[in-house]
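In what follows, chains carry the letters A, B, and so on, assigned in the order in which the sequence lines appear, proteins first and then strands, with residues in each chain numbered from 1.
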2 protein chains.
Amino acid sequence: MATILDVARAAGVSASSVSNFLNDRLSKMTPATRERIEAAIGQLNYRPSQVALQLKTGKTATIGLLVPAVANPFFGAIAMAIQRAAQARGYQVILCNTFRDPQREREFAADLMALGVRGIITGSSLLNPEHLSELASRGLTVVAFEGDAAAAAPGIHVVSVDNVMVTTLAVDHLVALGHRRITYVTGPAQTAARVARLKGFRAATERHGLGDEARIHEISLPQNQYGDDMIAELGVDAALALAKTSPRPTALIAMNDLLAIGLAAGLREHGIVIPDDIAMVGIDDLFLARLMNPPMTSLRQPLSAMAEAAVDCLVADGTEAAPATSLIFAPELIVRQSTARTAG
Amino acid sequence: MATILDVARAAGVSASSVSNFLNDRLSKMTPATRERIEAAIGQLNYRPSQVALQLKTGKTATIGLLVPAVANPFFGAIAMAIQRAAQARGYQVILCNTFRDPQREREFAADLMALGVRGIITGSSLLNPEHLSELASRGLTVVAFEGDAAAAAPGIHVVSVDNVMVTTLAVDHLVALGHRRITYVTGPAQTAARVARLKGFRAATERHGLGDEARIHEISLPQNQYGDDMIAELGVDAALALAKTSPRPTALIAMNDLLAIGLAAGLREHGIVIPDDIAMVGIDDLFLARLMNPPMTSLRQPLSAMAEAAVDCLVADGTEAAPATSLIFAPELIVRQSTARTAG
DNA sequence: AGCCTCAGGTATATCGTTGCACTAAGGATA
DNA sequence: TATCCTTAGTGCAACGATATACCTGAGGCT
């Protein structure tokens, strides 16, 4: 790797001049010098060492991304959106799989700080974000990519879809189709998003006066299990229980698409047909939703826009103590055949 | 962030002693001094700056990971396996989505070099890997996580599943069930893996004397389209064409599970039942394979072991010009209900 | 007593940048 | 002609670690 000194020698100038060139202080040199430097850089294939640059300026062009598990297609989609947004701004992304373990999150955060990252984006915030606050107080900019503002701890920026609206739209859609016996299938209220979605479901069903026709079916995740790639399998089991309930719900809303995929597979095993026997709404609108049989209605999060906002939070954080912002995006209902028929 | 000097002051020693402590040169100090340093580190919550360390030693604990798109569950699984293996060895992973664009790959590689990564792992090697060779010749250790040794360019390590064996096992399995009209559905031969899989299919069907009962159905990906998250949709279309062929194949082997998911959805639309009307074998064994209806037979890659081997290639590369290694792993046939019935 | 050894440290140059402080040369001004 | 300003640069001290080379005092040996 060529250094700035190699370039300086090749161009017959000092390292300072090359540095001036690199930092657009072009007024400090004649066009001729400028061209010589440019030529030398091209010739040597020179790229400034980010490491040296970082040590000198204290600023990195690197951000940390914490997700429970990238193997989960939802977090894969998030990781891709964040990386693209970061790249567009000249930033690199360091990937960390936390398995929803606070201890591991803390460990990663310490490593990332030692690496000098500009900030971290966390893809899923546990309900109890004090360990994130702790990071924020140590001077790290933290953006929670999930969970509403209420759940945010001090010093943490929030960029999230409106998780209350997500279930509200789902319920409204189903009620408009004539459904009343609607069951919301969810995992334990461990994350901010899950809590908000549950809240939205409760409020919407109450507003529509569904009474106890609206049900909540909570599936239990194994202890100490991040569960992300087995959520779908748990859905298969949950479908059995749901098939047996009487009266059986006419519509299901799943906490997320992965769970919905499992539910759909389980229902099919019991001869229950979607949408004829039961309607189904997923959440997240993974690319898999439109490949299901039948294609599934789901609530889409504007991931690209959200990713850009999240990265901007970190990049723009030039001003010392930027107040913790909270950006909430509206979800979009994507109607497909899993809710094609009216109830009754 | 506390520096080594802060620690030195707090412990009443010189920075050198703290450095000695950090680098396990314990013989250079009394137990008492050692304890004072330990205490100071704990008190100040000190972590050595990786940046400074890197500038000084020239070695980073960072590797670059190039994948076409992490949103693709297969590459999501790879990314997770690599990150875990890297973490176990104290390394960080920088994530890059290349969209299978050689130009973008080159750009990423340049950025990664400037960052001083220890090496890069590329999740999918284009057929023409000369741009990777170029990187290797510039002193970057490159590991191709796909593609067999033959396709490897000079200076590139290969860690891959045996892609010839993948289709060989698939064909053997189907033939053992009595199938003869077997069609291999694949995308264009753009990657080393695809080429090897095709080769395996051809050789195996020839060995079994299937003649022109063995067919190859090539789907075309849109130009300049990395295609990874639309492969499944193309599978839906391909299913239409396959449903119409006469005589219709009794078994399909899909280039990968994502394509298989699309094929399954398309076949279902045309009333063709798996496995009664047609058998199906996927490749990769994504977690989705066992959630399909019916659960799909697929060929599993030992991703964890492969990821560990790939990371080891980079980490162990202490010796100057380590010869380019080639590690090929055996796939495992996972039989499920999509091939549950015997043919005929 | 004089010399050596060795344990237990410390001083310092260095990695590749940056950016402030400085300066040499030339031109304008008084 | 002396002074000042501007232009087009250069010199140097950092940033936070490392490691080599150096130092120093205590004890052992002759």
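The backbone N or O of A:R100 sits nowhere less than 3.5 Å from a side-chain atom of A:R104 that would complete a donor-acceptor pair. Judged by distance alone, the side chain of A:Q83 and the main-chain N or O of B:N97 form a donor-acceptor pair under 3.5 Å. The main-chain N or O of A:A15 is never found under 3.5 Å from a side-chain atom of A:S19 such that the two would form a donor-acceptor pair. Judged purely by atom type and a 3.5 angstrom limit, A:N23 has no side-chain atom pairing as donor or acceptor with the backbone of A:R25. Using a distance-only test at 3.5 Å, with no hydrogens or angles considered, no donor-acceptor pair links the side chain of B:D6 to the main chain of B:A2.
In this structure, A:I37 places its CD1 atom 8 Å from P of D:dG9, rounding to the nearest Å. Atom C1' of nucleotide D:dT18 and atom CG of B:D24 are separated by 14 Å, given to the nearest angstrom. Going from atom CD of B:Q50 over to atom C1' of D:dG16 covers 12 Å, rounded to whole Å. Remark: P of C:dG8 and CZ of B:F21 are 16 Å apart, rounded to the nearest angstrom. Summarising the geometry, the separation between CG on A:N20 and C1' on D:dG11 is reported as 13 Å, rounded to the nearest angstrom.
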For residues 31-45 of chain A, run the donor-acceptor check on the side chains, cut-off 3.5 Å, and write out each pair with its distance to 0.1 Å, sequence neighbours left out.
unit_1: A:T33; atom_1: OG1; unit_2: A:T30; atom_2: OG1; d: 2.6
unit_1: A:R36; atom_1: NE; unit_2: A:A11; atom_2: O; d: 3.0
unit_1: A:R36; atom_1: NH2; unit_2: A:A11; atom_2: O; d: 3.2

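Scanning atom types as modelled, no donor and acceptor separated by under 3.5 angstrom connect the side chain of B:K28 and the base of C:dG8.
Within the 4.0 Å cut-off from OP1 or OP2 of D:dT7, not a single side-chain nitrogen or oxygen of A:T30 is found. Between A:T33 and D:dG9 there is a side-chain N or O to OP1 or OP2 distance below 4.0 Å. Under 4.0 angstrom from either OP1 or OP2 of C:dT18 there lies no side-chain N or O belonging to A:R25.
Counting any heavy atom pair closer than 4.0 Å across all strands shown, B:R34 reaches no nucleic acid atom.
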Q) Reading nucleotides 11-17 of chain C 5' to 3', which nucleotides get B (base under 4.0 Å from a protein heavy atom), which S (sugar-phosphate only), which -? A) BB-BBBB
